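Working notes for the structure below.
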Number of protein chains: 2
Amino acid sequence: MRFSKQRELIQDIVQRTNSHPTANWIFNKAKKEISNISLGTVYRNLSQLNKDGVINIFYDDNIARYDWNTVAHDHLKCNKCGKIIDIKLHNRELKKEVLKQYKFEAENIEITISGICENHMNFKEK
Amino acid sequence: MRFSKQRELIQDIVQRTNSHPTANWIFNKAKKEISNISLGTVYRNLSQLNKDGVINIFYDDNIARYDWNTVAHDHLKCNKCGKIIDIKLHNRELKKEVLKQYKFEAENIEITISGICENHMNFKEK
DNA sequence: ATTTAAATAGTAATGATTACTATTATTAAC
DNA sequence: GTTAATAATAGTAATCATTACTATTTAAAT
Ligand SMILES: [Mn+2]
Ligand SMILES: [Mn+2]
Ligand SMILES: [Zn+2]
Ligand SMILES: [Zn+2]
């Protein structure tokens, strides 16, 4: 894989945010640096970076989101503001459990918890 | 909401399978009974049945799947044959944990574990 | 500097889902 | 049973995210 300034920029943009951005968000950011960058280029490089293990992809409802954090982790999704927060749950036991109970060889565990984040709590609850 | 034979059929189709079908799969099944049923009708009724709590929707990668099982549960997804299996994990503690650790009021927990189902294991592993 | 092919920009195509609209069918009132 | 009101439908068009295509550009090896 040879160098391209487009791919470098796209990787930078993903790695500089915690917002779990969509392809379109990344595209708009990228246009500020390379005004004629193509959306196809963004998608192609995001897939490529994912294949190379540089970034992660997951799906929020029916749209793809990109994550610089390649270490296994889980997500909290706020139903009010849409924010997606990284969390680490202790699910070391889960793989063993599903192997034992369901004879299923787990490779990837994806946990998304939706609800209401602390920004929307009133004083009483705080 | 008034009666329609289309909605009744759609609900029946979802409730008679464990396959977590897509809208298109349901549409094709429905056409065998009502040959001129419209795909829009299928989508509209699936949304409606979901709003009324009769069925559940979740997203497998970027496409919607419908589930007769409205009780909270989790899924195993086989990367070889695509089968999606219902499981029940004991995550009663999770809501408390995220409230305590992250001040996040959990409403819905979605766990999908991908890997290899028992159909693909060889004799040694069995 | 020349050559080779990977990567790109721009655009077209696809697939899932939603929106629109004239027509049909359910249901309640008479 | 007939009528009236309007929810639901079929058929079609539009939208949105993503992928495919292709002529041109560009990285980088010789
Ligand atoms: Mn994350
Ligand atoms: Mn299920
Ligand atoms: Zn929030
Ligand atoms: Zn399988």
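No experiment lies behind these values; they were computed from the predicted model shown. Side chains are part of it too, since the values below use all heavy atoms of this structure and drop only hydrogens, waters and symmetry mates. Every chain is numbered from 1 and lettered A, B, ... according to where its sequence line falls, protein lines coming before strand lines.
- Between Phe58(A) and His20(A), the two ring planes are perpendicular [angle over 60°; tilted spans 30° to 60°].
- One interatomic measurement links the two molecules: CZ of Phe27(B) to P of dT18(C), which rounds to 15 Å at whole-angstrom precision.
- Atom pair Leu39(B):CG and dG11(D):P shows a separation of 12 Å (rounding to whole Å applied).
- With hydrogens and angles ignored, no donor-acceptor pair closer than 3.5 Å exists between the side chain of Arg2(A) and the base of dA28(D).
- Within the structure, a side-chain polar atom (N or O) of Thr41(B) is placed less than 4.0 Å from OP1 or OP2 of dA10(D).
- Among the protein residues, Phe3(A) comes within range of the sugar-phosphate backbone only, with heavy atoms under 4.0 Å from sugar or phosphate atoms but none that close to a base.
- For Tyr43(A), taking side-chain heavy atoms from C-beta onward, the closest of the listed nucleotides dT18(C), dA17(D), dA10(D) is dA17(D).
- Straight-line distance from the OH atom of Tyr59(A) to the P atom of dC16(D): 20 Å, rounded to whole Å.
- Atom C1' of nucleotide dT11(C) and atom CG of Asn36(A) are separated by 14 Å, given to the nearest angstrom.
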Q: Kindly determine whether Glu110(B) and Ser114(A) satisfy side chain to side chain contact (heavy atoms under 4.5 Å, CB included), including the steps that lead there.
A: CA-CA 8 Å; Glu110(B) 211 169 301; Ser114(A) 57; over 6 Å; no
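- With dT17(C), dA8(D), dA7(C) as the choices, the nucleotide that has an atom nearest any side-chain atom of Asn62(A) turns out to be dT17(C).
- Separating the CG atom of Asp61(A) from the P atom of dA17(D) is a distance of 13 Å, rounded to the nearest angstrom.
- Proximity of Gln48(A) to the phosphate of dA6(C): no side-chain N or O atom is located under 4.0 Å from OP1 or OP2.
- For the pair Tyr66(A) OH and dA17(D) P, the computed distance is 12 Å after rounding to whole Å.
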Q) Passes side chain to side chain contact (heavy atoms under 4.5 Å, CB included), Val14(A) versus Leu46(A)? Steps please. A) CA-CA 9 Å; Val14(A) 174; Leu46(A) 287 169; 3.8 Å; yes
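- Here the nucleotide nearest the side chain of Met1(B), chosen from dT17(C), dT8(C), dA8(D), is dA8(D).
- Heavy atoms of Ile37(A) sit under 4.0 angstrom from primed sugar atoms or phosphate atoms, though from no base atom.
- Within 4.0 Å of Arg7(A), counting heavy atoms only, lie sugar-phosphate atoms of the nucleic acid but no base atom.
- Whole-Å rounding puts the Ile34(B) CD1 to dA8(D) C1' distance at 12 Å.
- A salt bridge links Asp61(A) with Lys77(A): the closest approach of a Lys/Arg side-chain nitrogen to an acidic carboxylate oxygen falls below 4.0 angstrom.
- Mapped onto DNA chain C by nearest heavy atom, Asn45(A) and Ile63(B) fall at different nucleotides, with Asn45(A) at the one closer to the 5' end.
- Look at CG on Leu46(B): it is 10 Å from P on dT17(C), rounded to the nearest Å.
- Separation of atoms CD1 (Ile13(A)) and CG (Asn45(A)) is listed at 11.0 Å; rounding is to 0.5 Å.
- Asn24(A) comes within 4.0 angstrom of no nucleic acid atom, judged by non-hydrogen atoms across all strands.
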